[in-house]
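Okay, structure first, notes after.
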Amino acid sequence: MTVNCPYCRGRAALVTGDVIYPHRPDLAHKQFWHCAPCKAWVGCHPGTTNPLGRLADAELRAAKIAAHDAFDPIWKARFAAKSKQDSGYTRGMARGGRYKRLAELMGISQKECHIGMFSTEQCRRVVEICRSGALQE
C-alpha cells in the first residue's frame, strides 16, 4: 500500500507508535503512516496498515480532536437514551445515525462523512453544527 502526504505529495512511511509518540509505550505497537518533513501522520485500523483517515498536520489534528469532542457526546447520549428503550439498539446504530444526519447538514454523501477524512474547515463546520443543536434533532 502506498500512502501519500496531502501536504507535500511525498510518500508517507509506515512506522510504529514509538516513532510518533515516544513517550507513550502503550502506543508503541500500533501502526501509523507518517510524513516526517510535514510532521503529519494518521493511525491505522487495528491489525492492518489501512489508514484511519488522512494524514494530518498539527492544525488538522487539533481540528479533528475538537470535532470529535463536539460530535462524540451527541451520538453517545443518543445511544444511552435509546438503548434503554430498545435493547437491540447498538452503539454503531447511534453513531451511524448521527453521521447520516451530519452528512445531510453538511450537504455531503454519507460515504464522504467521516471526521477522519475531513479538512480543517470541515472539522470546524462539525463543531458549529454540534453547537447549534441541529445534530440532536
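Residue indices begin at 1 and follow the sequence shown. Basis for what follows: all heavy atoms, side chains included, without hydrogens, waters or symmetry-related copies.
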If you look at every heavy atom in [X] and [Y], which pair is closest and at what distance?
X      : Y      : answer
Leu55  : Leu60  : O-CD2, 3.9 Å
Asp86  : Gly88  : OD1-N, 2.9 Å
Gln122 : Met117 : OE1-O, 4.4 Å
Ala67  : Cys123 : CB-O, 3.9 Å

Residues Trp33, Met1; criterion side-chain contact (heavy atoms from CB on, under 4.5 Å); working and verdict: CA-CA 11 Å; Trp33 289 98; Met1 171 180 286; 4.1 Å; yes
Interatomic distance, [X] atom [atom1] to [Y] atom [atom2] [nearest 0.5 angstrom]:
X      : Y      : atom1 : atom2 : value
Leu135 : Cys130 : CG    : SG    : 5.0 Å
Arg91  : Trp75  : CZ    : CH2   : 3.5 Å
Phe71  : His68  : CZ    : NE2   : 8.0 Å
Leu102 : Ile108 : CG    : CD1   : 6.5 Å
Cys5   : Lys39  : SG    : NZ    : 12.5 Å

Determine whether a donor-acceptor pair (N or O, by modelled atom type, separation under 3.5 Å) exists between the side chain of [X] and the backbone of [Y].
X     : Y      : answer
Lys64 : Gly116 : yes
Tyr99 : Ile115 : yes
Arg78 : Arg98  : no

Could you walk me through whether Val42 and Arg54 pass the side-chain contact (heavy atoms from CB on, under 4.5 Å) check? CA-CA 6 Å; Val42 64; Arg54 55 182 277 188; over 6 Å; no
Go through the steps for His34 and Val19 under the test side-chain contact (heavy atoms from CB on, under 4.5 Å), then give the verdict. CA-CA 9 Å; His34 180 228; Val19 172; 4.2 Å; yes
Below 4.0 angstrom, N of the basic side chain to O of the carboxylate: do Glu59 and Arg124 qualify?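 Salt bridge between Glu59 and Arg124, a charged N being under 4.0 Å from a carboxylate O: yes.
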Is there a salt bridge (Lys or Arg N to Asp or Glu O under 4.0 Å) between Glu128 and Arg131? Walk through the geometry before answering. CA-CA 5 Å; Glu128 290 171 10; Arg131 287 183 180 158; over 6 Å; no
Against the six-membered ring of Trp41, is Arg61 placed for a cation-pi contact (under 6.0 Å from the centre, within 45° of the normal)?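 Yes, Arg61 and Trp41 form such a contact.
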Should Gln110 and Glu104 count as side-chain neighbours, where that means a heavy-atom distance under 4.5 Å?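 Sidechains of Glu104 and Gln110: no contact.
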